[in-house]
Amino acid sequence: MSTESVPTPRVCSVTDAVAVVGERHSLPIVRELLYGNRRFSEIADAVGLSRTLLSTRLRRLETAGVVERRRYSEHPPRDEYILTEAGMALLPVLAALKEWGDTYCRDGLATAEFQHRCGAVLHTRADCAACGEEIRFEDLAVVGGTHPPQLRP
């Protein structure tokens, strides 16, 4: 009989984030809110969801603090949805996922291109905030945290 213990799930902020926004359709809902589609019907049409499923996802995003619901009409009662600070902070994540999808899911064809205010077409890159260098895995070392992983080359 083996005495090996069963591995427990890693405590990880990525896992925590995926628990909040990783449900199917959650990030496309956030995308539509970033695009300015705030009304229920606009989001439903753009994402292609049933009213029931969209309502469920919006409630979960609201509970998680990603979305806020605001009443814009009393008669009939109608709400719109806006991104909270936490929701807006997902912009770089969505931009990176969009670029990854263009490259690895769409054979390099962009489904949409965004122009930065500098005039260039936006391309995402993860940089070190301290030195500005692009982040590469081989340049990383774990130096702390509540549950640091042991990185393997």
Side-chain angles (χ1 to χ4, degrees), residues 2 4-40 42-50 53-70 79-153:
S2 173
E4 293 180 16
S5 63
V6 176
T8 58
R10 179 185 302 282
V11 175
C12 174
S13 296
V14 172
T15 302
D16 297 343
V18 169
V20 173
V21 295
E23 270 187 316
R24 188 169 184 204
H25 306 297
S26 292
L27 286 176
I29 290 167
V30 171
R31 175 201 64 207
E32 291 307 315
L33 292 168
L34 283 166
Y35 286 172
N37 293 318
R38 295 180 170 186
R39 298 196 174 163
F40 191 91
E42 294 170 337
I43 300 166
D45 290 345
V47 179
L49 292 179
S50 70
L53 186 53
L54 178 56
S55 181
T56 299
R57 292 295 184 269
L58 283 167
R59 269 195 306 274
R60 287 184 183 161
L61 289 169
E62 186 178 6
T63 300
V66 174
V67 169
E68 183 179 313
R69 182 174 41 177
R70 288 193 184 158
D79 297 322
E80 66 179 1
Y81 299 87
I82 61 164
L83 292 171
T84 63
E85 181 181 339
M88 292 297 290
L90 288 167
L91 174 59
V93 174
L94 285 170
L97 280 171
K98 178 241 177 271
E99 190 145 346
W100 187 91
D102 290 346
T103 301
Y104 297 104
C105 301
R106 302 265 179 198
D107 294 326
L109 300 174
T111 55
E113 288 185 339
F114 298 93
Q115 184 179 40
H116 188 262
R117 68 179 174 173
C118 72
V121 172
L122 180 68
H123 291 285
T124 58
R125 188 175 99 170
D127 294 332
C128 173
C131 70
E133 285 188 26
E134 186 170 8
I135 296 171
R136 298 178 320 156
F137 183 79
E138 58 268 18
D139 296 334
L140 300 179
V142 178
V143 295
T146 60
H147 294 79
Q150 292 188 1
L151 300 181
R152 292 180 172 73

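The 12-atom threshold is not exceeded at CZ of Arg24, counting heavy atoms of other residues, nucleotides or ligands nearer than 6.0 Å. Around the CD atom of Glu134, the shell of radius 6.0 Å holds more than 12 heavy atoms that belong to other residues, nucleotides or ligands. Counting heavy-atom neighbours within 6.0 Å of Asp16 CG, excluding the residue itself, gives a total above 12.
Ala110 and Lys98 get closest at one heavy-atom pair: CB-NZ, 3.9 Å. Of all the heavy atoms in Ser26 and Arg57, the pair that sits closest is OG-CD, 3.7 Å. Contact detail for Gln115 and Gly119: the closest heavy-atom pair is NE2-O, 2.9 Å. When all heavy atoms of Val67 and Thr84 are compared, the closest pair comes out as C-CG2, 3.8 Å. Shown here for Asn37 and Glu32, the closest heavy-atom pair between the two residues is ND2-OE1, 2.6 Å. The minimum heavy-atom distance between Glu42 and Gly36, with the atom names listed, is OE1-O, 4.4 Å.
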Would you check, one step at a time, whether the test side-chain hydrogen bond (donor to acceptor under 3.5 Å, both in side chains) holds for Thr63 with Arg59?
CA-CA 6 Å; Thr63 300; Arg59 269 195 306 274; over 6 Å; no
Pair Leu91-Leu34, side-chain contact (heavy atoms from CB on, under 4.5 Å): steps then yes or no
CA-CA 8 Å; Leu91 174 59; Leu34 283 166; 4.1 Å; yes
Show, in sequence, the C-alpha distance, side-chain angles and deciding distance for Asp127 and Glu133, and conclude whether the side-chain contact (heavy atoms from CB on, under 4.5 Å) test is met.
CA-CA 5 Å; Asp127 294 332; Glu133 285 188 26; over 6 Å; no
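Between the CZ atom in Phe40 and the CG atom in Leu58 there is a gap of 6.5 Å [rounded to 0.5 Å]. Once rounded to the nearest 0.5 Å, the distance linking CG of Asp102 with CG of Leu109 reads 8.0 Å. Atom CG of Leu33 and atom CD of Glu68 lie 11.5 Å apart (nearest 0.5 Å). Note that the CD atom of Glu23 and the OG1 atom of Thr56 stand 9.0 Å from one another [nearest 0.5 Å]. To the nearest 0.5 Å, atoms CG (Leu97) and CZ (Arg31) are separated by 11.5 Å. The CD1 atom of Ile82 lies 12.5 Å from the CZ atom of Arg69; values are rounded to the nearest 0.5 Å.
Side-chain atoms of Glu113 and Leu122, non-hydrogen and from C-beta on, never get closer than 4.5 Å to each other. Within the 4.5 Å cutoff, the side chain of Pro92 has no heavy atoms near those of the Thr124 side chain. In this structure, Asp79 and Arg39 have side chains that are not in contact, with every pair of non-hydrogen atoms separated by 4.5 Å or more. Residues Ile29 and Leu49 meet the side-chain proximity criterion, which asks for heavy atoms closer than 4.5 Å.
Glu62 and Arg60 are not joined by a salt bridge, as no carboxylate oxygen comes within less than 4.0 angstrom of a charged side-chain nitrogen.
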